[in-house]
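Okay, so here's the structure we're looking at.
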Amino acid sequence: MAVTDMKSPPTTASPPTRRPRPSLLRRILRDRTVLLLALPGMLLLIGFQYFPLLGNVIAFQDFQPYLGTDESLWNGLDNFRILVTGDPAFLNALRNTLILTLIQSVMIFPVPIVLALMVNSLMSEKLRQGVMSVLYLPHFLSWVIVVAVFQQMLGGSGMVNNLLRSNGLPTFDVIGNADLFKVLLTSQVIWKDTGWAAILFIAVLAGIDRSLYEAAAVDGASRFQQTLNVTLPGLRPIVILLFILQLGNSLSVGFEQIILQQQAVGIDASEVLDTYVFNEGIAGGQWGTAAAVGLVKSVIGLILVLAANKIAHAMGEEGVYRA
């Protein structure tokens with residue numbers, strides 16, 4: 001009697017069972033400790049960042065402070081006409097803002113990266129800590145003190161000019177020179193904030209796997225080649241992230257720093273969009289126009305961040321967020 005092979009039907013693996021997602025209340029109770037820790041920061045963010053956004057309504061009103069937003073008359077887009085009518089004061093502020101934005105993006109942003117690379121190259125850990133302690137201290141000084149220091153150093157009666165005068169050499173006044181005002185602003189920002197900004201890059205450098213440097217050294221890579229092929233790729237994600245975030249504030253180029261020195265050089269050389277909003281809105285009483293300019297500035301910053309984030313995704317980087 002012939003015996004035929006009977007193949008058993010193939011068994012299909014049952015799909016893994018998915019655990020039901022816990023309810024919102026259960027998740028809140030589960031993460032209550034973390035939520036309580038985050039609550040003060042959330043309240044500050046809502047109270048000082050999101051709630052004031054409601055004040056942008058005055059950009060569409062003929063706002064009068066004694067009437068408030070409820071009784072002030074609506075005027076549609078009249079306050080935005082200044083953006084297209086070619087007002088000389090506005091165009092001057094816009095031109096100065098764009099120039100300072102370009103300077104900050106090209107000259108100021110890379111300086112903390114270079115400083116971090118230099119500090120990271122120091123062999124002694126104690127020496128690195130000592131150097132950074134000195135470099136980030138100016139960050140904690142107010143702009144009033146920083147401006148006063150520069151005036152005492154570079155002003156007409158400052159230390160440098162007194163030294164030149166005592167040696168019979170010609171003097172120069174940097175503080176009151178309108179042609180050098182943008183260079184002065186750039187040098188002040190670099191002196192005050194470079195050390196503080198470099199801390200994050202130094203932290204990222206410390207997290208790079210040391211075995212990568214050892215492997216590169218075994219392959220015969222020089223220190224410069226190790227920097228190009230190991231260090232800079234390790235810094236690239238944080239550099240792109242910070243650059244995208246900076247674009248959001250790219251049109252805010254230092255209100256307090258500029259307003260403290262505006263009288264010395266005049267409006268033409270120093271007026272930017274932030275000081276224009278202050279001078280026109282608070283000092284000049286043009287509340288609606290100033291709010292319209294501030295609103296447009298914020299919208300442009302948001303568009304720049306979203307566009308830069310899209311470009312970062314196209315380059316294979318995480319960016320600020322994932323869509």
Side-chain angles (χ1 to χ4, degrees), residues 100-143 145-147 149-150 153 182-254 256-257 301 304-305 308-309 311-313 315-321:
L100 286 173
T101 298
L102 180 62
I103 292 174
Q104 290 185 359
S105 300
V106 175
M107 297 183 62
I108 296 179
F109 183 78
V111 174
I113 303 174
V114 176
L115 178 62
L117 293 174
M118 294 174 62
V119 173
N120 189 65
S121 65
L122 299 176
M123 300 301 295
S124 173
E125 179 67 23
K126 291 184 178 180
L127 181 59
R128 284 201 296 266
Q129 294 177 357
V131 169
M132 285 308 302
S133 298
V134 173
L135 290 177
Y136 71 64
L137 281 178
H139 173 78
F140 299 99
L141 301 177
S142 69
W143 276 114
I145 298 176
V146 173
V147 171
V149 169
F150 272 77
M153 293 287 293
K182 294 179 178 61
V183 177
L184 176 65
L185 293 180
T186 303
S187 61
Q188 289 173 345
V189 173
I190 292 176
W191 182 79
K192 183 177 187 294
D193 291 330
T194 296
W196 180 259
I199 293 177
L200 183 58
F201 296 110
I202 292 175
V204 174
L205 290 174
I208 297 178
D209 191 355
R210 307 308 299 180
S211 63
L212 297 176
Y213 292 100
E214 296 172 359
V218 170
D219 291 338
S222 63
R223 291 291 298 271
F224 180 73
Q225 291 173 330
Q226 293 177 30
T227 301
L228 289 180
N229 297 291
V230 179
T231 305
L232 294 184
L235 284 175
R236 186 174 63 180
I238 192 64
V239 169
I240 293 176
L241 174 63
L242 293 180
F243 186 75
I244 293 174
L245 294 177
Q246 180 178 318
L247 287 177
N249 294 320
S250 59
L251 297 182
S252 299
V253 289
E256 185 179 0
Q257 177 193 11
L304 290 175
V305 169
N309 199 66
I311 295 174
H313 290 170
M315 296 172 60
E317 298 293 339
E318 289 290 334
V320 179
Y321 64 92

Whether over 12 other heavy atoms sit under 6.0 Å from Tyr213 OH: yes
Over 12 foreign heavy atoms within 6.0 Å of CZ, Phe224: no
Heavy atoms only: give me the nearest [X]-[Y] pair and the separation to one decimal.
{"X": "Val134", "Y": "Pro138", "value": "O-CD, 3.6 Å"}
{"X": "Ile240", "Y": "Ala312", "value": "CG2-CB, 3.9 Å"}
{"X": "Leu141", "Y": "Lys192", "value": "O-CE, 2.9 Å"}
{"X": "Ala198", "Y": "Ala116", "value": "O-CB, 4.0 Å"}
{"X": "Met132", "Y": "Ile199", "value": "CE-CG1, 3.9 Å"}
{"X": "Gly234", "Y": "Val204", "value": "O-CG1, 3.7 Å"}

Any chance you could measure [X], atom [atom1], to [Y], atom [atom2], to the nearest 0.5 Å?
{"X": "Leu205", "Y": "Thr231", "atom1": "CG", "atom2": "OG1", "result": "6.5 Å"}
{"X": "Leu100", "Y": "Leu185", "atom1": "CG", "atom2": "CG", "result": "6.0 Å"}
{"X": "Trp196", "Y": "Leu135", "atom1": "CH2", "atom2": "CG", "result": "13.0 Å"}
{"X": "Leu115", "Y": "Asn120", "atom1": "CG", "atom2": "CG", "result": "11.0 Å"}
{"X": "Ile202", "Y": "Leu117", "atom1": "CD1", "atom2": "CG", "result": "9.5 Å"}

For [X], what residues pass the side-chain contact (heavy atoms from CB on, under 4.5 Å) criterion, not counting sequence neighbours?
{"X": "Ile108", "answer": "Gln104, Thr186, Val189, Ile190"}
{"X": "Leu212", "answer": "Ile208, Asp209, Val230"}
{"X": "Ala217", "answer": "Gln226"}

Take the angle between the ring planes of Trp191 and Phe150 and call it parallel below 30°, perpendicular above 60°, tilted in between. perpendicular
Is it the case that the side chain of [X] and the backbone of [Y] share a donor-acceptor pair, with hydrogens and angles ignored and the cut-off at 3.5 Å?
{"X": "Gln188", "Y": "Val146", "value": "no"}
{"X": "Ser121", "Y": "Met118", "value": "yes"}
{"X": "Asn229", "Y": "Gln225", "value": "yes"}

Please assess Leu242 against Gln246 for the test side-chain contact (heavy atoms from CB on, under 4.5 Å), listing each intermediate value before the final yes or no. CA-CA 6 Å; Leu242 293 180; Gln246 180 178 318; over 6 Å; no
